[in-house]
2 protein chains.
Amino acid sequence: MGYHLRDVVGRAIEVLDEYGLESLTMRRLAAELGLQPSALYHHVPNKQTLLAAIADEILRRGRRERRAADWDRRAVEVCANLRDAMLAYRDGADVVITAYTFGLGASEPAGELREALREGGLSGNVAEVGTRALLHLTFGYTAEEQAALQAAGAGAIDWEPAGGGDFEAGIELLLDGLRSKVHR
Amino acid sequence: MGYHLRDVVGRAIEVLDEYGLESLTMRRLAAELGLQPSALYHHVPNKQTLLAAIADEILRRGRRERRAADWDRRAVEVCANLRDAMLAYRDGADVVITAYTFGLGASEPAGELREALREGGLSGNVAEVGTRALLHLTFGYTAEEQAALQAAGAGAIDWEPAGGGDFEAGIELLLDGLRSKVHR
DNA sequence: ACCTGAACACCGTTCAAGT
DNA sequence: ACCTGAACACCGTTCAAGT
């Protein structure tokens, strides 16, 4: 017997996906594991750290292989993969974005984007600005989309959930700007 | 005697700015007003509604006149104004973005952006995608910047706060993409 | 109309103690 | 190493009652 960190994180993701972030409390998670709340603090120093570990695991599970050869197609691929990974679990966007804001996650997609833009011939500064812009767009669209999807699923809602078309269109708009900065 | 909604919202913004969003509890706010917690529910149906009212007031107070004549300069103006308004209060970005996500605020900047892009000759769909992209970029950059600023102010931090230059650069990147979509 | 007092059903976290 | 039991210092919200 005796749980390990990965068991705790795994169960936390189940609770998150089934009942939502607002129901993912330390007490609720402990009960779900048949433990006292205080027992969780043997595996994790606090709730924020647990949420960061959940964010990492969500991204790890959603990670797909890169196939595109061109730098701009690969940038789209990274963003679309990030979006899909977050959409795969209830409130996934919330959890991942919060962890990223606290400097505790999503560093891998950022690194991949920066690499792609540099490979495309963009200067260090433009690649940096472009990377952050692509990440912010991906986070923003996905958070909005997931909120709309969940609101629609929960009941009364009027404004249509937008879908993935608008997301890709937004990313392409930014890539248009980036491509114009490539000096041949 | 007897408070009105605007007194409650005003005091809430003071508490927010001085002690941060995590300290802005209904109980704390009530104490600050010399009231019982239950008294707040006479002015506001719940905390979420109060936060939306705070977001509205933050944007109202930060609102500046529009001066730019060109559509693209005015779009930058709207975004920069939105950013400044959020940065003016501690955790302002958090509060405004959350309200926007719940469909309870920031509808005015969105309307102004849409109008500017349409005036620039962009089709309805491109204007819509562009508006959302500009908003997401503004929100993302500002939230990240404010988090970094506050982390730097609180003590140990290494990564530099980025500043407004990167923000404008990101917005310009997107405008490059939008300008290329204007058919003359 | 605006507020009090008391309660309900929760939180995250700490800490001594057990095995 | 992993967990229990009990406590501390809080939350948002409801509701009967007062003026």
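On a predicted model such as this, the values are computed, not experimentally measured, just so you know. Within every chain, numbering begins at 1; the chains are lettered A, B, ... in the order of the sequence lines, protein sequences first and strands thereafter.
- Atom CG in B:L51 sits about 12 Å away from atom C1' in D:dG12, given to the nearest Å.
- A sub-4.0 Å separation between OP1 or OP2 of C:dT4 and a side-chain N or O of B:H42 is absent.
- Rounded to whole Å, atom P of C:dC2 lies 14 Å from atom CG of B:L33.
- For the strand DNA chain D, secondary-structure stems (runs of at least three Watson-Crick or G-U pairs, all distances below 3.5 Å) span C:4-8 with D:12-16, C:12-16 with D:4-8.
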Please list each protein N or O that sits under 3.5 Å from an N or O in nucleotides 13-16 of chain C, with the distance.
residue : atom : partner : partner atom : Å
C:dT13  : OP2  : A:Y41   : OH           : 2.7
C:dT13  : OP2  : A:K47   : N            : 3.0
C:dT13  : O5'  : A:Y41   : OH           : 3.3

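- Rounded to whole Å, the separation between the C1' atoms of C:dC10 and D:dA9 comes to 13 Å.
- Here C:dC2 presents its C1' atom at 9 Å from CG of B:L35, a figure rounded to the nearest Å.
- Rounded to a whole Å, the CG atom of B:L40 is 13 Å from the C1' atom of C:dT4.
- Cation-pi geometry between B:R83 and B:Y141 is not met: the NZ or CZ atom fails to fall both under 6.0 Å from the ring centre and inside 45° of the normal.
- When the P atom of C:dC2 is taken as reference, atom CG of B:D7 falls 10 Å away, rounded to whole Å.
- A sub-4.0 Å separation between OP1 or OP2 of D:dA1 and a side-chain N or O of A:H43 is absent.
- For the residue pair A:Q146/A:D94, the side-chain donor-acceptor check at 3.5 Å is not satisfied.
- Between the side chain of B:Q36 and the backbone N or O of B:A30 there is no donor-acceptor pair closer than 3.5 Å.
- Within the 3.5 Å criterion, the main-chain N or O of B:G177 finds a donor-acceptor partner in the side chain of B:S180.
- Here B:H4 does not reach the OP1 or OP2 of C:dA1: none of its side-chain N or O atoms lies under 4.0 Å away.
- Considering B:E77, B:E108, B:E57 in turn, B:E108 is the only one that fulfils the salt bridge (charged side-chain N to carboxylate O under 4.0 Å, His left out) rule with B:R63.
- When each of B:S23 and A:Q36 is assigned the nucleotide of DNA chain D with its nearest heavy atom, A:Q36 is the one assigned upstream, toward the 5' end.
- Applying the salt bridge (Lys or Arg N to Asp or Glu O under 4.0 Å) test to pairs two or more places apart or on separate chains, those with a residue in residues 2-15 of chain B are B:R11-B:E14.
- Between B:T138 and B:F167, some side-chain heavy-atom pair lies under the 4.5 Å cut-off.
- Rounded to an integer number of Å, the gap from B:R28 CZ to D:dA9 P is 17 Å.
- Nucleotide D:dC2 holds its P atom 11 Å from the CG atom of A:L5, rounded to whole Å.
- Between A:L29 atom CG and C:dC10 atom P the separation is 17 Å, expressed in whole Å.
- A donor-acceptor pair is defined here as one N or O able to donate and one able to accept, closer than 3.5 Å; such a pair exists between the side chain of B:N81 and the backbone of B:R64.
- A side-chain donor-acceptor contact under 3.5 Å links A:N46 to the backbone of A:T49.
- Remark: the separation of the C1' atoms in C:dC8 and D:dC11 is 12 Å, to the nearest Å.
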